[in-house]
Amino acid sequence: MIFKQLFDQKSSTYTYLIASAEGREALIIDPVLENVNQYIELLKQLDLRLVKVIDTHIHADHVTGASKLKDITKCSTIMGDHTPAESVEIKVKDDEYINLDNLKIRAMYTPGHTSDSYCFLMDKQLFSGDTLLINGTGRTDFQNGSATDAYNSIFNKLLKLPEDTLLYPAHDYKGEKVSTIGKEKKQNPRLQVNSVDEYVEIMNNLNLKKPKEIDFNVAKNINLGA
Ligand code: FE
């Protein structure tokens with residue numbers, strides 16, 4: 001298998017490139033528009049054919065490269081079926097599998113950060129979008145976010161995965177690259193709560209600033225960055 005974790009400096013976004021290496025099919029999760037040429041170059045270098053591109057949710061902090069990648073490579077665009085983005089070609093449901101050569105990637109509906117947030121699980125690798133971050137969790141104060149839904153998605157879905165599941169989030173602001181479900185259960189300060197009410201209390205008192213360019217980014221991303 002080929003696996004690359006790429007980082008966008010401006011928005012601190014992680015983009016993931018996955019390929020089975022056998023049939024040369026590749027998939028990209030959460031591409032950033034400004035970095036599309038870099039992905040195309042990397043695909044060329046690795047002799048891969050991009051067939052699918054996934055956005056975990058409608059992002060507020062960067063514009064997705066999904067449409068541009070589709071224009072260049074003819075890949076299919078994928079999001080969970082709760083997405084408001086009408087031009088998405090393949091809308092996957094909770095527990096549905098996405099195939100990439102011999103690899104299987106399971107879609108998991110995990111609302112909370114946004115109402116359209118999905119995570120994607122490939123064997124022991126969880127691509128958690130902004131639902132679960134390393135030592136943090138995605139904010140729930142815009143885009144139909146809900147701290148109660150986030151609690152359910154995290155505690156009743158993601159934390160039920162095996163402890164050695166590798167956690168690959170869509171962002172990190174401190175240079176962390178990977179964690180595990182077991183580590184987060186023990187150390188993530190947001191997860192040291194005894195009830196949904198306690199979690200909601202934390203999330204409702206974060207007092208975060210509105211992200212820069214959110215209105216522009218969300219409007220662009222509803223059209224997959226086109
Ligand atoms: Fe987000």
Side-chain angles (χ1 to χ4, degrees), residues 11-14 29-30 54-62 64 79-85 88 91-96 106-121 125-163 165-174 176 178-219 221-222:
S11 62
S12 297
T13 300
Y14 281 126
I29 300 176
D30 287 334
I54 299 178
D55 271 303
T56 52
H57 60 290
I58 295 286
H59 297 278
D61 55 358
H62 67 270
T64 174
M79 284 187 81
D81 73 346
H82 297 75
T83 180
V88 172
K91 293 182 183 174
V92 287
K93 293 193 164 55
D94 187 32
D95 264 335
E96 196 175 321
R106 183 178 137 206
M108 300 173 78
Y109 182 42
T110 53
H113 168 59
T114 64
S115 56
D116 73 336
S117 287
Y118 274 68
C119 293
F120 294 89
L121 180 69
Q125 288 173 291
L126 177 71
F127 302 97
S128 60
D130 292 350
T131 302
L132 180 57
L133 306 173
I134 299 171
N135 285 319
T137 56
R139 62 193 293 179
T140 55
D141 55 339
F142 52 71
Q143 292 178 274
N144 302 317
S146 154
T148 305
D149 289 352
Y151 178 90
N152 282 325
S153 296
I154 294 167
F155 282 84
N156 298 326
K157 273 193 155 170
L158 301 185
L159 298 189
K160 299 263 152 93
L161 293 169
E163 300 229 323
T165 304
L166 297 166
L167 177 75
Y168 288 102
H171 294 287
D172 194 86
Y173 305 94
K174 293 184 177 157
E176 300 284 340
V178 61
S179 182
T180 65
I181 289 293
K183 235 193 236 172
E184 292 311 304
K185 244 188 219 174
K186 276 190 218 93
Q187 297 174 5
N188 189 321
R190 298 253 178 101
L191 306 185
Q192 311 311 311
V193 293
N194 294 311
S195 67
V196 59
D197 292 344
E198 250 183 75
Y199 187 73
V200 170
E201 180 74 16
I202 292 178
M203 297 311 285
N204 287 347
N205 289 292
L206 293 177
N207 300 317
L208 299 167
K209 274 194 212 128
K210 191 176 166 184
K212 272 184 253 159
E213 300 167 27
I214 175 172
D215 298 327
F216 175 81
N217 290 336
V218 168
N221 287 333
I222 296 272

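One is the number of the first residue; the rest follow in order along the sequence.
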Measure the CG-OG distance between Leu166 and Ser128 for me, rounded to the nearest 0.5 Å.
-> 11.5 Å
Minimum side-chain heavy-atom gap Cys119-Leu158 below 4.5 Å | yes
Spacing of Lys185 atom NZ and Gln192 atom CD [to the nearest 0.5 Å] | 11.5 Å
Looking only at heavy atoms, what is the nearest atom pair of Val218 and Ala60, with distance?
-> CG2-CA, 4.0 Å
Just by modelled atom types, is the Lys183 backbone N or O under 3.5 Å from a matching donor or acceptor in the Thr180 side chain?
-> yes
Mark yes or no for whether His57, through its side chain, and Asp116, through its backbone, hold a donor-acceptor pair below 3.5 Å.
-> no
Measure the shortest side-chain to side-chain distance between His82 and Tyr118 over non-hydrogen atoms and say whether it is less than 4.5 angstrom.
-> yes
Any side-chain heavy-atom pair of Tyr199 and Thr137 under 4.5 Å = yes
Nearest-0.5 Å distance that lies between atom CG in Asn204 and atom CG in Asp197 | 10.5 Å
With sequence neighbours excluded, residues passing ring pair (Phe, Tyr, Trp, His ring centres under 6.0 Å) with His62 = His59
Measure the CD1-CD1 distance between Ile29 and Ile54 for me, rounded to the nearest 0.5 Å.
-> 5.0 Å
After noting the C-alpha distance and the side-chain angles of Thr64 and Asp30, does the key distance pass the side chain to side chain contact (heavy atoms under 4.5 Å, CB included) rule?
-> CA-CA 7 Å; Thr64 174; Asp30 287 334; over 6 Å; no
Apply the salt bridge (charged side-chain N to carboxylate O under 4.0 Å, His left out) test between Lys210 and each candidate in Asp141, Asp61, Asp215; give the one that qualifies.
-> Asp215
Going by heavy atoms in the side chains, are Leu126 and Met108 under 4.5 Å from each other?
-> yes
Could you walk me through whether Ser117 and Thr114 pass the side-chain hydrogen bond (donor to acceptor under 3.5 Å, both in side chains) check?
-> CA-CA 5 Å; Ser117 287; Thr114 64; 2.7 Å; yes
Shortest non-hydrogen pair, Pro189 vs Asn135, comes out as CD-O, 3.7 Å
Asp172 (side chain) donor-acceptor with Lys174 (main chain) under 3.5 angstrom | yes
Least distance between heavy atoms, Tyr109 atom then Ser115 atom = OH-O, 2.7 Å
Do Glu96 side-chain atoms and Lys93 backbone N/O form a donor-acceptor pair below 3.5 Å?
-> yes
CZ/Phe216: more than 12 non-hydrogen atoms of other groups inside 6.0 Å = no
Tell me, please, which residues at least two apart from Lys91 pass side-chain contact (heavy atoms from CB on, under 4.5 Å).
-> Asp81, Thr83, Val88
Stepwise side-chain hydrogen bond (donor to acceptor under 3.5 Å, both in side chains) test for Ser153 and Thr110 | CA-CA 5 Å; Ser153 296; Thr110 53; 5.1 Å; no
Evaluate the criterion side chain to side chain contact (heavy atoms under 4.5 Å, CB included) for residue pair Arg106 and Phe120; output intermediate values, then yes/no.
-> CA-CA 6 Å; Arg106 183 178 137 206; Phe120 294 89; over 6 Å; no
Answer yes if the side chains of Asn217 and Asn221 hold a donor-acceptor pair under 3.5 Å, and no otherwise.
-> no
Residue pair Met203, Thr148: steps toward the side chain to side chain contact (heavy atoms under 4.5 Å, CB included) verdict | CA-CA 9 Å; Met203 297 311 285; Thr148 305; over 6 Å; no
From Ile181 CD1 over to Lys186 NZ, what is the distance, rounded to the nearest 0.5 angstrom?
-> 11.5 Å
Would you say Leu132 and Leu191 make side-chain contact, with heavy atoms under 4.5 Å?
-> yes
How long is the span from the CG atom in Leu167 to the CG atom in Leu133, to the nearest 0.5 Å?
-> 8.0 Å
Side-chain heavy-atom pair Asp94, Lys157 within 4.5 angstrom cut-off = yes
With no hydrogens and no angle check, is any side-chain donor or acceptor of His113 less than 3.5 Å from a backbone partner on Thr140?
-> no
Tyr151 versus Val193: any side-chain heavy-atom pair under 4.5 Å?
-> yes
With side chains defined as the heavy atoms from C-beta onward, is the minimum distance between Glu184 and Ile134 less than 4.5 Å?
-> yes
